[in-house]
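Down below is the structure, laid out as structure tokens.
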Amino acid sequence: MVASSGPSLSFPLTFASSAIAACTGEITTLPLDTAKVRLQLQGKSAAPKYKGLLGTIGTVAKEEGVGSLWKGLGPGLHRQILFGGLRIGMYEPVKALYVGKDHKGDIPLGTKIAAALTTGALGIAIASPTDLVKVRMQSEGKLAPGAPRKYPSALKAYGIIVRQEGVAALWTGLAPNMARNAIINAAELASYDQIKQTLIKSGLFKDNVYCHLASGLGAGFFAVCIGSPVDVVKSRMMGAAPGVYSGVLDAFAKTLKRDGPLAFYNGFSLNFARLGSWNVVMFLTLEQVKALMAGKKH
């Protein structure tokens, strides 16, 4: 359970509720993520094709159809079931392991961060192929009339990548992906846990929807500020043709040289709109689903 004030559940129920909450957040905010990926993959240009949140969404919808904003939903849900279930579901057990069974009182913020870094890295090490397929499908733009899509579906995409690039290609960009997701997971879970605990202890909030809303927005903001540079590099590595980048440092260096330091925060407002709304939806859903599973009313 994120934040110790909520109901305690077994790991299978925690995994299930985490996966449901993560999938709800994915479905609700995927158009923002699609626009974010397009902006991040767009190089520096005097006349960029995609401009801002509404402009990017409008351009994609106009040129490719509204349904294209949910491109990559299949692998996105695969990812959230695996990664969302694992990173959130393992957070409390790992946190308890790090603090020790004899610990009394509030858990230190450093322990929360360490637990979230661990579960984020472990979770994405398993779920990284789903992330790769999602980015590949999202980055595929408008095709000429009659031209077949490279990846007809999420399930077929896995097979196509394995046949053309090998099994290891499914874990392309694993290092920046692990770094990005460990960092963002720590920013999300540890900050949500800490903000919620602080708000409740202050007496200004009770453990209710308003508290969860404020904590979720705070978690989203911290996640974007800390994770945006790694997120940009991850998207570029996963969306690039084989051989463009030799590794994480090469991708950082080439992005910095070609597009400048601000490129690492390319689409920042869009990224915050995505992660801020995603965290609010996910944490609100998580708290309610856990309460229902525990037989309590939140």
Side-chain angles (χ1 to χ4, degrees), residues 1-22 25 83-125 178-227 230 275-276 278-298:
M1 174 64 200
V2 177
S4 57
S5 57
S8 179
L9 298 174
S10 65
F11 177 74
L13 288 179
T14 301
F15 178 90
S17 58
S18 301
I20 291 169
F83 180 56
L86 289 171
R87 75 180 179 97
I88 302 168
M90 292 191 301
Y91 175 67
E92 282 297 323
V94 171
K95 188 171 67 172
L97 176 68
Y98 284 172
V99 79
K101 62 181 181 180
D102 297 326
H103 177 80
K104 303 291 184 183
D106 293 336
I107 295 176
L109 177 59
T111 303
K112 296 174 183 178
I113 293 172
L117 285 170
T118 301
T119 63
L122 290 174
I124 204 60
M178 286 183 71
R180 181 253 184 191
N181 282 284
I183 291 168
I184 289 182
N185 195 52
E188 286 180 353
L189 295 188
S191 63
Y192 180 85
D193 199 347
Q194 189 71 22
I195 292 169
K196 179 181 174 183
Q197 176 185 300
T198 302
L199 291 177
I200 293 172
K201 286 185 71 175
S202 72
L204 298 174
F205 287 84
K206 294 183 178 179
D207 189 2
N208 56 24
V209 169
Y210 302 107
C211 179
H212 305 158
L213 175 64
S215 302
L217 279 173
F221 180 75
F222 280 114
V224 177
C225 289
I226 295 169
V230 193
L275 269 182
W278 192 93
N279 274 277
V280 168
V281 172
M282 190 279 286
F283 281 118
L284 284 175
T285 305
L286 178 66
E287 297 279 11
Q288 297 303 314
V289 172
K290 282 189 170 182
L292 287 172
M293 289 187 173
K296 297 180 182 180
K297 195 171 183 179
H298 240 268

Problem set entry | Leu122 CG to Leu117 CG distance, which is reported to the nearest 0.5 Å | 11.0 Å
Exercise. Atom CD1 of Ile107 and atom CD of Gln197: how far apart are they, to the nearest 0.5 Å?
Worked result: 8.0 Å
Exercise. Taking only residues two or more places apart in sequence or in another chain, which ones pass salt bridge (Lys or Arg N to Asp or Glu O under 4.0 Å) with Lys206?
Worked result: none
Problem set entry | Non-hydrogen atoms of Gly89 and Ser18 that approach each other most closely | N-OG, 3.7 Å
Exercise. Just how far is it from atom OH of Tyr210 to atom CG of Leu199, taken to the nearest 0.5 Å?
Worked result: 14.5 Å
For this session: Flag the pair Met90 / Phe11 as yes when at least one side-chain heavy-atom distance between them is below 4.5 Å, and no otherwise.
Result: yes
For this session: Check whether any side-chain heavy atom of Asn181 sits under 4.5 Å from a side-chain heavy atom of Arg87, and report yes or no.
Result: no
Under 3.5 Å, which donor-acceptor pairs link side chains of residues 217-225 to any protein atom two or more places apart or in another chain?
none

For this session: Flag the pair Asp193 / Leu189 as yes when at least one side-chain heavy-atom distance between them is below 4.5 Å, and no otherwise.
Result: no
Problem set entry | Aromatic plane relationship, His212 with Tyr192 - under 30° parallel, 30 to 60° tilted, over 60° perpendicular | tilted
For this session: State, with a plain yes or no, whether a side-chain heavy atom of Thr198 is found less than 4.5 Å away from one of Gln194.
Result: yes
Exercise. Can you check whether Asn185 reaches Thr119 side chain to side chain, under 4.5 Å on heavy atoms?
Worked result: yes
Problem set entry | Heavy-atom side-chain contact between Met282 and Ile88 under 4.5 Å | yes
Problem set entry | Side-chain heavy-atom pair Lys112, Tyr91 within 4.5 angstrom cut-off | yes
For this session: Write down the atom of Ser17, the atom of Val289, and the distance for their closest heavy-atom approach.
Result: CB-CG1, 3.5 Å
For this session: Considering non-hydrogen atoms only, spot the tightest contact between Asp207 and Ile200 and give its length.
Result: CB-CD1, 3.9 Å
Problem set entry | Steps toward side-chain contact (heavy atoms from CB on, under 4.5 Å) verdict (Leu275, Glu188) | CA-CA 9 Å; Leu275 269 182; Glu188 286 180 353; 3.4 Å; yes
Problem set entry | Shortest non-hydrogen separation from Leu13 to Met293 and the atoms involved | O-SD, 3.6 Å
Problem set entry | Verdict with reasoning, Thr118 to Tyr98, per side-chain hydrogen bond (donor to acceptor under 3.5 Å, both in side chains) | CA-CA 11 Å; Thr118 301; Tyr98 284 172; 2.7 Å; yes
Problem set entry | Gap separating the OG atom of Ser215 from the CD atom of Glu287, nearest 0.5 angstrom | 8.5 Å
For this session: Determine whether Gln288 and Val209 make a side-chain contact, defined as any pair of heavy atoms from C-beta on separated by less than 4.5 Å.
Result: yes
Seminar exercise, completed: Nearest heavy-atom approach of His103 to Gly105 is NE2-O, 3.4 Å
Exercise. Can you name the nearest heavy-atom pair linking Thr111 to Lys95, along with the distance?
Worked result: CG2-O, 4.0 Å
